[in-house]
**Student:** 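Sharing a structure, written as structure tokens. Questions coming.
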Amino acid sequence: MGAYVVLLVTFGASPRNIAVGYMPEQPVPYSHRLHVGELGLDCRYCHTNAEVGAKAGVPPTSTCMNCHTKVRPDSDKLAPLKESYEKGTPMEWVKVHDLGDYAYFNHSAHVRRGVGCATCHGRIDTMEEVFQDQPLSMGWCLDCHRNPEPNVRPLDKITDMTYQPNAEEGREVLRQLRGWTPENRERKIR
């Protein structure tokens, strides 16, 4: 039992899982500030599984090429993307937000209950390169599960990076979605 606790703490508190600011180099310098912030792409255009799957997923090369066959198709920065598309091989993106293997996280369960992208990922629309904005530690997750109201927003605001959730509105969203009340919090959070 003692060894299990040591391993859980060691891996759960590893720098990779709680490294706020972690920003690995990617094969293509994709700017979320440009695509999301300036051009207004909705997160779900690229991360198509965010509302329906356990993992939001990274887009296949074909999603990128929907635009980049016409927009800057000869850019040197896009050469790896173009090669991936022509060869039919996936891009080797480096995962930024990576929970420990001991944790099961269902992306759609959170998105469909009003947890917005910015809550966990930060203001993606202002990031030239994506970095880990929150610690994603077990304690950080549990704090939200114990007091979700301040982090919940209306479902039509899920991808609105500028929206500021508030506890009163969060309580109403949770009540509408699943009959949640502060009194039955312990019974409903599972």
Side-chain angles (χ1 to χ4, degrees), residues 8 12-13 17-22 30-60 63-64 66-67 93 95-127 129-190:
L8 185 63
N17 294 331
I18 59 172
V20 172
Y22 173 64
Y30 181 85
S31 170
H32 278 78
R33 179 175 28 204
L34 170 65
H35 291 85
V36 178
E38 292 177 33
L39 299 175
L41 283 181
D42 187 290
C43 304
R44 296 165 292 195
Y45 179 74
C46 297
H47 303 286
T48 56
N49 288 331
E51 289 181 300
V52 297
K55 299 187 184 306
V58 292
T63 299
C64 305
N66 283 339
C67 296
W93 299 107
K95 196 169 190 176
V96 177
H97 302 90
D98 194 16
L99 295 178
D101 291 340
Y102 58 85
Y104 175 74
F105 176 82
N106 185 312
H107 208 274
S108 68
H110 289 78
V111 171
R112 290 191 286 176
R113 285 177 182 81
V115 179
C117 305
T119 300
C120 302
H121 299 291
R123 289 289 308 272
I124 293 287
D125 62 322
T126 64
M127 296 181 191
E129 294 180 52
V130 172
F131 60 87
Q132 187 170 315
D133 185 69
Q134 297 295 324
L136 306 181
S137 65
M138 190 177 297
W140 182 81
C141 294
L142 289 173
D143 286 345
C144 186
H145 274 260
R146 290 179 184 125
N147 186 27
E149 305 100 308
N151 299 304
V152 174
R153 59 183 71 203
L155 297 183
D156 65 342
K157 303 290 184 192
I158 291 297
T159 62
D160 183 344
M161 294 289 148
T162 62
Y163 182 81
Q164 295 293 316
N166 65 73
E168 184 178 322
E169 191 169 47
R171 266 190 294 283
E172 181 58 22
V173 170
L174 289 170
R175 188 190 64 70
Q176 289 174 7
L177 288 174
R178 59 182 181 163
W180 183 94
T181 65
E183 293 75 32
N184 69 9
R185 169 182 291 145
E186 294 305 317
R187 185 170 52 84
K188 291 289 185 180
I189 298 176
R190 287 199 229 336

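Nothing here was measured: the structure is a model prediction, and the numbers come from that model. All residue numbers in this chain count up from 1 along the given sequence.
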**Student:** Side chain to side chain contact (heavy atoms under 4.5 Å, CB included) for Leu136 and Cys141? Distances and angles first, verdict last.
**Tutor:** CA-CA 7 Å; Leu136 306 181; Cys141 294; 5.6 Å; no
**Student:** Arg112 versus Leu155: any side-chain heavy-atom pair under 4.5 Å?
**Tutor:**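 No, their side chains stay 4.5 Å or more apart.
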**Student:** Show your working on side chain to side chain contact (heavy atoms under 4.5 Å, CB included) between Gln176 and Val173 and close with a plain yes or no.
**Tutor:** CA-CA 5 Å; Gln176 289 174 7; Val173 170; 5.6 Å; no
**Student:** Could you walk me through whether Asn151 and Val115 satisfy the side chain to side chain contact (heavy atoms under 4.5 Å, CB included) test, starting with their C-alpha distance in whole Å, then the side-chain angles of each, then the deciding distance to 0.1 Å, before giving a yes or no?
**Tutor:** CA-CA 6 Å; Asn151 299 304; Val115 179; 5.5 Å; no
**Student:** What side-chain hydrogen bond (donor to acceptor under 3.5 Å, both in side chains) pairs are there with at least one residue in residues 114-124, not counting sequence neighbours?
**Tutor:**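 Applying side-chain hydrogen bond (donor to acceptor under 3.5 Å, both in side chains) to every pair that reaches into residues 114-124, excluding sequence neighbours, yields His97-His121, Arg123-Asp125.
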**Student:** Below 4.5 Å, heavy atoms only, C-beta onward: do Leu174 and Pro148 meet side chain to side chain?
**Tutor:** yes
**Student:** Take Phe105 and Lys55 through the test side chain to side chain contact (heavy atoms under 4.5 Å, CB included) and record every step on the way to the result.
**Tutor:** CA-CA 8 Å; Phe105 176 82; Lys55 299 187 184 306; over 6 Å; no
**Student:** Using a strict threshold of under 4.0 Å (side-chain N to carboxylate O), is an ion pair present between Glu168 and Arg171?
**Tutor:** no
**Student:** So Cys43 and Ile124, do their side chains get closer than 4.5 Å, heavy atoms only?
**Tutor:**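 Not in contact.
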**Student:** To the closest 0.5 Å, what do you measure between CD (Glu129) and OG (Ser31)?
**Tutor:**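 If we round to the nearest 0.5 Å, Glu129:CD and Ser31:OG are 8.5 Å apart.
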**Student:** Provide the closest heavy-atom pair for Arg175 versus Glu172 in the form atom of the first, atom of the second, distance.
**Tutor:** NH2-OE2, 2.6 Å
**Student:** Is the closest side-chain heavy-atom distance between Tyr30 and Pro59 below 4.5 Å?
**Tutor:**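 Result no, sub-4.5 Å side-chain heavy-atom pair not found.
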**Student:** Mind checking whether Asp133 and Met127 have side chains closer than 4.5 Å, heavy atoms only?
**Tutor:** yes
**Student:** Should Tyr45 and Asn66 be marked as a side chain to side chain donor-acceptor pair (under 3.5 Å) after you check the CA-CA gap, both sets of side-chain angles, and the distance that decides it?
**Tutor:** CA-CA 11 Å; Tyr45 179 74; Asn66 283 339; 3.1 Å; yes
**Student:** Answer yes when Arg33 and Glu38 have at least one side-chain N-carboxylate O distance shorter than 4.0 Å, and no when they do not.
**Tutor:** no
**Student:** Would you say Tyr104 and Asn106 make side-chain contact, with heavy atoms under 4.5 Å?
**Tutor:**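 Counting from C-beta outward, Tyr104 and Asn106 do come under 4.5 Å.
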**Student:** Please find the pair of heavy atoms, one from Arg153 and one from Ala118, that lie closest to each other, and give the distance.
**Tutor:**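 That closest heavy-atom pairing would be NH2-CB, 4.3 Å.
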**Student:** Can you name the nearest heavy-atom pair linking Phe131 to Gly21, along with the distance?
**Tutor:**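 Residues Phe131 and Gly21, closest heavy atoms: CB-O, 3.9 Å.
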**Student:** Give the minimum heavy-atom separation between Val130 and His32, together with the two atoms involved.
**Tutor:** CG2-ND1, 3.0 Å
**Student:** Closest approach of Gly53 and His107, non-hydrogen atoms and distance?
**Tutor:**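 For Gly53 versus His107, the nearest heavy atoms are O-CB, 3.7 Å.
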